[in-house]
Amino acid sequence: MRSAYWVVERVINLNMHSIVDVLVDGYLNNEASCKVLDLLLWLYTKKLDVERCLWVFDKMVKNGFLPDVKNCNRILRILRDKGLVGKAREVYELMGQFGIKPTIVTYNTMLDSFGKEGNVQQAFNLLLEMQGNGCRPNDVTFNTLINGLSKKGEFEEARGLIANALNKGFKVSAYTYNSLICEYCRRGMLVEALGLKEEMKMRGALPTVLTYNAFMHGYCKQGRVSSARQWIPIMLKKNLMLDIVSYNILIYGYCLLGDTREALILLSELKKRNLKPSAVTYNTIMDGFSRHGDLESARQFKDKMIKDGISPDIFTYTILINGSYRTGNIWLAKKFYHEILHKGLQLDRIAYTSCIAGELKLGDLYAAFKLQEEMLAKEFPADVITYNVFVDGICKLGDLEEACELLQKMIQDGIVPDHVTYTSIIHAHLEIGYLRKARELFGEMLSKGLSPTVVTYTVLIHAHAGEGRLELAFIYFSEMMENGILPNVITYNALINGLCKFIKMDEAYRWFSQMQSNGILPNKYTYTIMINGNCDLGNWEEALRLYKEMLDRGIQPDSCTHSALFKHLRKDYMSFAVQELESIILDGREKAEAIT
DNA sequence: GTAGGGTTAG
């Protein structure tokens with residue numbers, strides 16, 4: 001058989017794929033043909049050549065040759081990994097039709113496919129079918145189902161299955177817990193994740209690098225890289241080494257905070273440890289640069305990536321296109337778009353949506369619709385996000401009527417508007433002063449069972465406070481708290497803005513300190529609002545005190561801050577004011593220098 | 001297991 005393997009491998013390498021037809025036509029005796037065909041199939045699965053796998057599989061079953069179930073399982077695994085669940089289902093059905101008896105591996109692979117697709121119901125149906133066929137679930141079956149449930153956020157059910165598995169005497173492992181911990185961390189539910197880690201320990205399941213990466217990811221997402229790093233010594237103590245994913249996660253954490261310098265330090269550190277940066281590493285850093293206004297460094301990083309032997313992928317280009325639109329450089333965005341096509345890369349759903357959002361931001365509705373047609377032609381029908389991009393884009397272009405029509409079309413297309421859709425529409429109504437209508441829409445949103453987020457509440461608070469409807473703004477604020485949604489700095493700014501505008505300075509100061517006792521630091525917007533309010537009242541001293549305070553806290557003022565400070569000054573005071581500011585700034589710098 | 005698309009403030 002070894003020599004047969006060698007021969008078939010040569011045949012494939014010589015591109016003599018038509019050997020399949022020869023074999024199927026029965027030139028050899030059936031048993032020999034079948035063996036060789038199986039060998040071919042195996043080699044195609046090793047090459048991850050889905051097309052040819054399916055082609056041989058199909059030829060075989062339709063000509064009375066039954067492929068080895070192990071090869072069928074290999075095909076199912078490839079289809080699962082490529083997300084081709086529909087094809088996997090077809091193969092599975094053909095297996096049944098032609099009498100290839102599924103093994104536990106077949107079932108587990110299919111269950112995993114369904115779970116990855118988010119179709120837990122179908123997974124459970126298959127579980128019943130499997131048991132009906134006398135195949136008993138094993139620990140992998142349990143872990144797979146737990147994985148599927150976790151992905152959907154059905155945590156209670158997932159935990160129930162763990163209990164179930166334990167009851168049945170199965171051993172639980174990191175595979176059982178990692179998926180749940182990952183999902184908890186991804187959703188910011190760190191307390192739950194930590195609790196599960198304790199349970200894991202209690203049951204004797206050892207955490208893996210993946211477990212720790214999940215935690216680091218959870219902390220990084222919340223902007224807490226230092227907390228994330230505290231896991232490193234714990235890992236090392238257990239003889240677990242940081243892998244490239246760990247580094248990518250930490251790099252991502254620093255990039256989120258805008259600290260690309262620290263991200264680059266990690267990049268050189270991982271290289272020193274003989275880890276190879278991946279496309280993810282480069283893309284993450286590029287996105288960090290781009291989001292913090294340094295598109296030029298992002299572009300240079302793309303060249304660096306190529307020099308280091310990694311080809312830019314669709315992520316890379318999406319990041320660069322987003323950055324180009326962000327800086328209003330439509331020409332550059334187009335250049336990257338054409339580069340994608342030129343390199344033979346395919347735009348995916350996200351790349352298209354980015355382009356559409358960019359065109360809308362620049363006001364080119366026509367270009368946006370054209371891209372959507374192109375998307376449709378490539379069999380990416382609009383999803384809820386595409387619609388949201390259009391709805392919000394059209395709102396921002398000032399055509400609320402058209403946006404509402406689009407909302408109707410969306411529903412007709414069978415896409416259910418979500419909290420973002422409603423927040424955009426509500427925001428648009430608020431912007432033009434239709435507060436009542438906005439409140440109605442908010443009610444409609446609630447009645448559809450959609451959960452408002454901090455953004456929804458913040459736009460409502462902002463508009464109501466800004467129009468002097470402070471009592472309503474406070475109602476929204478407390479409603480939000482009651483629903484367990486935490487206000488952020490923008491929410492507080494919206495409230496403080498209304499209070500300042502309607503000269504309730506005492507209350508504004510109360511909220512200003514309350515936000516800080518709740519652990520939310522004022523930013524340059526907060527200070528600008530407060531400075532503006534004081535300047536309007538002629539409290540020049542207080543405005544300057546605030547200005548100094550923000551500098552002391554390392555918060556950079558911008559032109560809005562300055563125009564708020566200057567707005568009531570007559571021209572002849574201007575030069576005095578500039579002097580005064582300069583002395584503050586100089587004073588601040590000296591302090592900073594004294595520290596460093 | 002890690003990276004890219006949608007909603008908020010002066």
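The figures that follow rest on heavy atoms only: side chains count, while hydrogens, waters and symmetry mates do not. All chains are named by letter (A, B, ...) in the order of the sequence lines, taking the proteins before the strands, and each is independently numbered beginning at 1. It should be emphasised that the depicted structure is a prediction, and the values quoted were computed from it without experimental measurement.
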Are A:Tyr525 and B:dG10 stacked, counting the six-membered base ring, centres under 5.5 Å, planes under 30°?
-> no
Once you round it to whole Å, what is the distance between P of B:dG4 and CD1 of A:Ile385?
-> 12 Å
Examine B:dT8: is either OP1 or OP2 under 4.0 Å from a nitrogen or oxygen in the side chain of A:Lys396? Give yes or no.
-> yes
Do the side-chain N or O atoms of A:His427 get closer than 4.0 angstrom to the phosphate oxygens (OP1, OP2) of B:dT7?
-> no
When rounded to whole Å, the CD1 to C1' distance for the pair A:Ile310 and B:dT2 reads 14 Å
Starting at CG of A:Asp348 and ending at P of B:dG4, how long is that distance when rounded to a whole Å?
-> 13 Å
Rounded to whole angstrom units, what separation is found between the CG atom of A:Leu460 and the C1' atom of B:dA9?
-> 14 Å
Remember a base hit wins even if backbone is also touched, and classify A:Asn147 as base, sugar-phosphate or nothing at under 4.0 Å, heavy atoms.
-> nothing
Between A:Phe512 and A:Tyr527, ring centroids under 6.0 Å | yes
Evaluate the side-chain proximity of A:Tyr457 to A:Asn483: yes if any heavy-atom separation is below 4.5 Å, no if none is.
-> yes
Sugar-phosphate only, base, or nothing, as touched by A:Ala564 at under 4.0 Å among non-hydrogen atoms = nothing
Rounded distance (Å) that lies between atom P of B:dT7 and atom CG of A:Leu400 = 17 Å
From the list B:dG5, B:dA3, B:dA9, which nucleotide is the closest neighbour of the side chain of A:His462?
-> B:dA9
Report which part of the nucleic acid A:Ile356 touches: base, sugar-phosphate, or nothing (heavy-atom distance under 4.0 Å, all strands).
-> nothing
Measure the shortest side-chain to side-chain distance between A:Trp511 and A:Phe477 over non-hydrogen atoms and say whether it is less than 4.5 angstrom.
-> yes
Could you tell me whether A:Lys501 contacts a base, only the sugar-phosphate backbone, or nothing, with contacts defined as non-hydrogen atoms closer than 4.0 Å?
-> nothing
With a non-hydrogen cut-off below 4.0 angstrom, is A:Val489 in contact with a base, only sugar-phosphate, or nothing?
-> nothing
Residues at least two apart in sequence or cross-chain that pass side chain to side chain contact (heavy atoms under 4.5 Å, CB included) with A:Tyr175, listed by chain then number, are A:Asn143, A:Ser173
Using only heavy-atom distances, decide whether a donor-acceptor pair under 3.5 angstrom links the side-chain of A:Asp558 to the base of B:dG10.
-> yes
Taking atom P of B:dG4 as reference, at what distance in whole Å does atom CZ of A:Arg299 sit?
-> 21 Å
Nucleotide nearest A:Ile249 when distance is taken to its side chain, options B:dT2, B:dT8, B:dG5 = B:dT2
What nucleic acid atoms does A:Asp287 come within less than 4.0 Å of, heavy atoms only: base, sugar-phosphate, or nothing?
-> sugar-phosphate
Please determine, for the side chain of A:Asn248, which listed nucleotide (B:dG10, B:dT2, B:dT8) has the closest atom?
-> B:dT2
Kindly point out which of B:dA9, B:dG4, B:dT2 is positioned nearest to the side chain of A:Arg291?
-> B:dG4
For A:Thr284, answer base if it contacts any base atom (sugar-phosphate contacts may also be present), sugar-phosphate if it contacts only those atoms, and nothing otherwise; contact means non-hydrogen atoms under 4.0 Å.
-> sugar-phosphate
Does A:Ser354 make a side-chain donor-acceptor contact with the base of B:dG5, cut-off 3.5 Å?
-> no
Are any of A:Arg186's side-chain N or O atoms less than 4.0 Å away from OP1 or OP2 of B:dT2?
-> yes
Answer with base, sugar-phosphate or nothing: what part of the nucleic acid does A:Thr456 contact at a heavy-atom distance below 4.0 Å?
-> nothing
Are A:Val209 and A:Met241 close enough that some pair of their side-chain heavy atoms sits under 4.5 Å apart?
-> no
Please determine, for the side chain of A:His217, which listed nucleotide (B:dG10, B:dT2, B:dG4) has the closest atom?
-> B:dT2
Starting at atom CD1 of A:Ile314, determine the distance to atom P of B:dG5, rounded to an integer number of angstrom.
-> 13 Å
Step-by-step side-chain contact (heavy atoms from CB on, under 4.5 Å) determination, A:Phe155 to A:Glu192 = CA-CA 10 Å; A:Phe155 297 118; A:Glu192 288 81 353; over 6 Å; no
What is the distance from CD1 of A:Ile485 to C1' of B:dT7, rounded to the nearest Å?
-> 14 Å
Base, sugar-phosphate alone, or nothing: which one does A:Asn322 contact when heavy atoms must sit under 4.0 Å apart?
-> sugar-phosphate
Nearest listed nucleotide, side chain of A:Cys560, among B:dA9, B:dG10, B:dT8 | B:dG10
Could you go through residues 370-378 of chain A and list every donor-acceptor pair under 3.5 Å that involves a side-chain atom there, pairing it with any protein atom two or more places apart or in another chain?
residue, atom, partner, partner atom, Å
A:Glu374, OE1, A:Tyr337, OH, 3.2
A:Glu374, OE2, A:Tyr337, OH, 2.5
A:Glu374, OE2, A:Tyr352, OH, 3.0
A:Lys378, NZ, A:Tyr352, OH, 2.9

